[in-house]
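Since this is a predicted model, take the numbers as computed values, not measurements.
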Amino acid sequence: MQSLVAFLKGLGAARLAAMVAVTAALIGFFAFVIMRVTTPQLTTLFTDLSVEDSSSIVKELERQAIPFELRNDGAVIMVPKDKVTRLRMKLAEGGMPKGGGVGYEIFDKSDALGTTSFVQNINHLRALEGELARTIRAIDRIQAARVHLVLPERPLFSRETPEPSASIVVRVRGTLEPQQIRAIRHVVASAVNGLKPQRVSIVDEAGQLLADGATSDADNAVGDERRAAFEKRMRKHVEDIVSSVVGQGRARVQLSADFDYNKITQTSDKFDPEGRVLRSTQTREESSLTADNSGQVTVNNELPGNNQNQDNPARARDQSKKSEETNNYEISRTTKTEVTEAGRVNRISVAVLVDGSYAKNEKGEMVYQDRSKEQLDRIAALVRSAIGFDQKRGDQVEVVNLRFAEAPSVTPLNEPTGLLGMLQFTKDDVMYVIELGVMMLLGLVVLFMVIRPLVKRILASEVVTNRAEPALPALADASAQAGSEGGGQALLPGNSGAAHMIDVAQIQGQVHAQAVNRVGELAERNPNETVSIVRQWLTEPAET
């Protein structure tokens, strides 16, 4: 302990403070590195959480003593990567997250025996609204949703039942597409008995009305969606066939289709006079016979038995016969009813812009070349075939060759092969390895560039101090002794014995300039004494 205390006192206050500062900085740096390396890598457990769900999840994580981190004001919870799967299953077992609303789990812990029908209906409505909100949040781009249902009861002695309605408020990321809005309306309408999609209104967080329930708006949305889908499909066909000729990314296609959304019903009757068919025939015959009674009308002629001679044909005076035939014919008739549905294509217009070709000249430079007219005509023919060109319909196809603003640059995709391909490192893994490497590199730099020179300088200073202090009194005593003897011999020029005595090579060039200067000054002021001291050192036997 005395040696240690003496060593510390010999260092001095400045050196001791420097060593303490270096030691503290070193301990802090390596503590930071160790803590950073040993800290588990965090990943996302849940995102877009409500305050209620975040509170319940944090309470469960604290109960299980699992480290976590909150971000975005509690909307995102980060947990260790190796525990995220188990935590999700464990939380799902407990019904978390609930999505900021109550669902059918409201009936799990309710006392149905003492609950009135009114409360049961209210709970059913709350559960239905909560389940619909959860379903809507599962759609892409929707962060939160709230559903309000109106399910009116049929009044007594009423013939008509009021129709139910619904209103939905959503918070979205970006903008919802028309088909997504229609999907939300149909999902809600299908889940509620008697609800029609036209009775569902949707509003976003900015107060913008996305769907007001008007039938005309729904029809227009369907028509626009159908036209957009048709244009997209035809544009893709044209781009594929043109890109296969001119190269990928060297063609631009714009396609516009004119649709007719009018529904037409047409009925026509056609009569064929040559196609006659006998439908019915009617025949009628009449005959009459008149006898000669001389025109006398007597009682004798009217008595029975007196008409026996009237049947004599010889006495007949007049006999007539009449035949009549009626034929009814049916003329051939054709009735045709045509129904033309909405969404007919009236006209298609296509504009195709293709880039030229590039070739190297004698100097190795890329030179632009226009495409020939024959090649453009062939591309136009392919486009016409792809869209089903109809000249009577008024379709138009234009293929133009112009130089693009930027020349195409093809960058080959280097897929990971070898060890990297087999290990399948993710981006997080690569960043973690890079972070560890940077920390290790910083540690080595601090160790070799800061700590090692400081420690070496302190130790070297102590050695020089310990060696220089005994040599100076000995040199002074030798100088005094040589002065009393009256030596007066001069120091040999070019002699480097004094430099070897202080052993500059042994202390590795770290001798302080002040000690070296003091020895040199003493040797210059007392040359005779210096020579005597050197001779005395040479004649002394070596110590064992």
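For Glu374, the side chain to side chain contact (heavy atoms under 4.5 Å, CB included) test picks out Ser372, Arg378, with sequence neighbours left out. Residues forming a side chain to side chain contact (heavy atoms under 4.5 Å, CB included) with Ser165 (at least two apart in sequence, or on another chain): Val150, Arg199. Applying the salt bridge (charged side-chain N to carboxylate O under 4.0 Å, His left out) criterion to Asp258, with sequence neighbours excluded, gives no partner residue. Taking the salt bridge (charged side-chain N to carboxylate O under 4.0 Å, His left out) definition, one finds that Arg371 meets it with nothing, sequence neighbours left out. Remark: Leu70 engages Ser54, Val58, Phe68, Ile77 in a side chain to side chain contact (heavy atoms under 4.5 Å, CB included) (not counting sequence neighbours). Applying the side chain to side chain contact (heavy atoms under 4.5 Å, CB included) criterion to Glu231, with sequence neighbours excluded, gives Arg227, Arg235, Leu255, Ser256, Ala257.
Counting only heavy atoms from C-beta outward, the side chains of Asn346 and Arg393 never approach each other to under 4.5 Å.
Asp395 and Gly388 get closest at one heavy-atom pair: OD2-O, 3.9 Å. Smallest separation of non-hydrogen atoms from Arg384 and Val397: CG-CG2, 4.0 Å.
Without hydrogens or angle criteria, Arg250 side chain to Gly356 main chain gives a donor-acceptor distance under 3.5 Å. The main-chain N or O of Ser201 is never found under 3.5 Å from a side-chain atom of Arg185 such that the two would form a donor-acceptor pair. Looking only at distances, a side-chain donor or acceptor of Arg344 sits under 3.5 Å from a matching main-chain atom of Asn262. Between the side chain of Ser244 and the main chain of Ile241, a donor-acceptor pair closer than 3.5 Å is present.
Checked for salt-bridge contact, Glu131 and Arg134 meet the test: a charged N lies under 4.0 Å from a carboxylate O.
The number of heavy-atom neighbours closer than 6.0 Å to CD of Glu398, taken from other residues, nucleotides and ligands shown, is 12 or below. Heavy-atom neighbours of Gln391 CD from other residues, nucleotides or ligands within 6.0 Å: at or below the threshold of 12. Residue-environment remark: CD (Gln64) exceeds the threshold of 12 foreign heavy atoms within 6.0 Å. More than 12 non-hydrogen atoms from other residues, nucleotides or ligands lie less than 6.0 angstrom from CG of Asn361. Atom CD of Gln369 has more than 12 neighbouring heavy atoms from other residues, nucleotides or ligands inside a 6.0 Å radius.
Between the side chains of Arg137 and Thr135, no donor-acceptor pair of N or O atoms lies under 3.5 Å.
Within the model, atoms OG of Ser268 and NZ of Lys336 stand 6.0 Å from one another, a figure rounded to the nearest 0.5 Å.
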Check against side-chain contact (heavy atoms from CB on, under 4.5 Å), Val238 and Val242: CA-CA 6 Å; Val238 175; Val242 176; 4.1 Å; yes
